[in-house]
Amino acid sequence: MIRNIRIYFSFLGASLKKMLEYRVDCLVGMVSQIAFQLIELIFIWIIFQNTDNIGGWNFTQLLLLYGVMMLSVAVTDLLFDATYDIGNRFIRKGKFDTILLRPVNPLISVLGESQTSTALGYIILSFILIVFTLMKLNITITLFLIIKILYFGILGGIIIGGFQTIFSISGFWTYKSNEVVWSVFQLHKLAEYPIEIYNKFIRVLITMILPFACVSYFPTLNYLGSSKGKIAYIAPVVAIIVWFIAIKVWNFALNKYRSTGN
Amino acid sequence: MLKSMLKIGKMRWQEYNIYPSNFYLFTLNRIVEVVVYIFVWQAIYNQTGNAGGLSIEQMVTYYILVTALRPIILWGCNEEMAHSIRNGQIHKELLNPISYFQYYFGMEIGEFAFATVVGLATFVCCAIFWKVMIPASIVHFLLFIFIILLSVPITFSLQMIVGTVGFYSNSIWGMQILRKAIISIFSGIIAPITLFPQWFQTLSNFLPFKELIYTPINIYLGQISLNEIGIIIIKQMIWGILLYMLAKLFFNHAVKKVTINGG
């Protein structure tokens, strides 16, 4: 286990360096990613031109919720980005066969190919957004709080990464499409808004079935000092369960793997 | 020439349909994208009852139409184009008996056809879950279709411009995102343009993007009077020609570079 994690991080470091090789691309990518984030922020801003609260949450609180989600998503991008496109990147082109020959767990090899250096910028940006909104909400920033933010941020990223790993196995059958992972990943947008605004079906979906609410909603309540925020402390359990399922499912898919042969 | 373009379009279409699961997943994805917007607006209407002069039914219909139109406006083959530039396949494509632009326009036809089918399926699926309004009248509906068709030269030219950047840069991934971000912000994908501040509305009147999403949907909803449409059509045509010329000039300039370097 420890060995696997160490190998994973050395792979990850190598792929990040590969990405940084093309500096201009990297910079353009970073700028445009921020432009893309702007879209979400513009939408939130427009909402509050029409109302002063949504589901009982005001503008600053919603920005905080957004920042918490963004931090976890950025961590996912940084650590588990490769799960997003397994079919196209590894299986269709036959690269997966090389990975199988390595004396390393194939899942570790695949995850280590993640190369979204832009995520680093995101992490810093969302962290600033969180601290800034918390200060605006008159919450004293203590060292303990900062550790909590980072802790839940990373844990949230690991949870989302787990979902992605589970659904990435679709690539073994579709070879090409990353649409399944994209669908699941898109569901995180639901948790960018307070769950009060949803109907029962979606509430159950994002708290029980795919607990994105444990990534953003409950930690945010926790930072705001609400009593419901204590639920956030089950996040590690959720992460363990998700990854337990992910590894089981991944191994199942691995046994079914048939090379495309090119 | 048209025949060969349609043939290329058909090839592209078949490429999409190799994996039938693609179609269902693309459609599912579009629905996932729209859910959050509809719930947020429903929450707002529950409190205020009104936003930007649209009723809740109109707003829900607006977002469902946005989701249905989005693939038509945003999808394209500039990724393939940049790829062909990078790996040198372009030298074969330049030798084709039809011109490079025609070749990619053929691809675009296939892409457009697939996007339309996904858009239609998304619309039908959403109509099951939410109350969707029907078009204001037959004339409005036909004009809605017509304005969308007029947007094809604009989106195609933008695709070619972004694809041509592939001559200068190793990946156009960043440019792709930039293109999508600009279109999303200015076309009304995020929210109806009337909800934006005044200066933004004035700015978007001059840009071609508003006519890709916001205007056709408002025609569908009957929010735009028929005598205004003439000006919109002229504006669209001028922008289409301008952008096409720009794309052509940019490409012709860039392609010289590649011939010198020998691919």
Side-chain angles (χ1 to χ4, degrees), chain A residues 19 21-22 24-57 62 87 118 170 173-199 202 205, chain B residues 15-16 18-52 54 59 118 129 165 168-185 189-197 200:
Chain A
M19 184 93 182
E21 188 92 337
Y22 302 107
V24 180
D25 287 351
C26 191
L27 207 70
V28 174
M30 231 182 246
V31 172
S32 5
Q33 288 269 332
I34 289 167
F36 218 62
Q37 285 298 316
L38 264 180
I39 294 173
E40 296 290 320
L41 290 173
I42 291 172
F43 181 65
I44 294 176
W45 181 74
I46 291 214
I47 291 171
F48 284 95
Q49 298 295 302
N50 288 290
T51 178
D52 56 352
N53 77 85
I54 167 165
W57 291 55
L62 206 65
T118 50
S170 62
W173 285 276
T174 58
Y175 302 120
K176 186 173 182 187
S177 150
N178 49 27
E179 292 282 312
V180 178
V181 191
W182 179 243
S183 264
V184 174
F185 179 72
Q186 278 291 308
L187 287 174
H188 86 266
K189 283 214 170 130
L190 291 169
E192 275 172 10
Y193 298 92
I195 61 171
E196 282 93 349
I197 66 168
Y198 296 116
N199 62 16
I202 292 184
L205 177 71
Chain B
E15 213 173 286
Y16 266 117
I18 296 171
Y19 308 110
S21 61
N22 261 357
F23 168 73
Y24 300 105
L25 290 170
F26 278 131
T27 309
L28 177 74
N29 248 333
R30 302 286 89 73
I31 299 170
V32 169
E33 274 169 14
V34 78
V35 164
V36 59
Y37 291 108
I38 289 179
F39 272 102
V40 168
W41 280 112
Q42 276 174 346
I44 294 169
Y45 275 87
N46 284 341
Q47 282 166 352
T48 59
N50 182 24
L54 293 171
M59 194 61 105
V118 169
F129 293 110
V165 175
Y168 301 98
S169 143
N170 264 304
S171 95
I172 60 156
W173 172 72
M175 284 297 293
Q176 277 269 50
I177 293 178
L178 198 64
R179 175 179 69 90
K180 286 183 183 171
I182 290 173
I183 294 181
S184 302
I185 291 170
I189 285 181
I190 308 175
I193 304 276
T194 35
L195 296 177
F196 283 87
F200 184 90

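Only this structure's heavy atoms are used, side chains among them; waters, hydrogens and symmetry mates stay out. Reminder, nothing fancy here: chain letters follow the sequence lines and each chain counts from 1. These figures come from a predicted structure and were not determined experimentally.
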Heavy-atom pair count under 4.5 Å with chain B, highest-scoring of A/Ile42, A/Ile202, A/Ile46 =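 Heavy-atom pair counts peak at A/Ile46.
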Output the option from A/Leu38, A/Val184, A/Asn199 having the highest count of non-hydrogen pairs under 4.5 Å with chain B.
->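 Top option by heavy-atom pairs under 4.5 Å: A/Asn199.
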Which value, rounded to the nearest 0.5 Å, describes the distance between [X] atom [atom1] and [Y] atom [atom2]?
X       : Y        : atom1 : atom2 : answer
A/Phe48 : B/Ile44  : CZ    : CD1   : 7.5 Å
A/Ile54 : B/Phe39  : CD1   : CZ    : 11.5 Å
A/Gln49 : B/Leu195 : CD    : CG    : 9.0 Å

Could I get the full list of ring pair (Phe, Tyr, Trp, His ring centres under 6.0 Å) partners for A/Trp45, not counting sequence neighbours?
->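 With neighbours one apart ignored, the set is empty.
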Close contacts, residues 188-195 of chain A versus chain B, judged by heavy atoms under 4.5 Å =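 Near chain B, by residue number: A/Lys189, A/Leu190, A/Tyr193.
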With only heavy atoms counted, which part of A/Asn53 is less than 4.5 Å from chain B, the side chain, the backbone, both or neither?
->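 For A/Asn53, heavy atoms of backbone and side chain both lie under 4.5 Å from chain B.
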B/Phe200 atom CZ: more than 12 heavy-atom contacts under 6.0 Å =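 Check passes, neighbour count above 12.
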Between B/Leu28, B/Val32, B/Ile190, which residue shows the highest count of heavy-atom pairs closer than 4.5 Å to chain A?
->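 Of the candidates given, the most pairs with chain A belong to B/Ile190.
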Minimum heavy-atom distance between B/Ala181 and A/Ile39, given as atom pair plus value =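 Looking at all heavy atoms of both residues, the shortest contact is CA-CD1, 3.8 Å.
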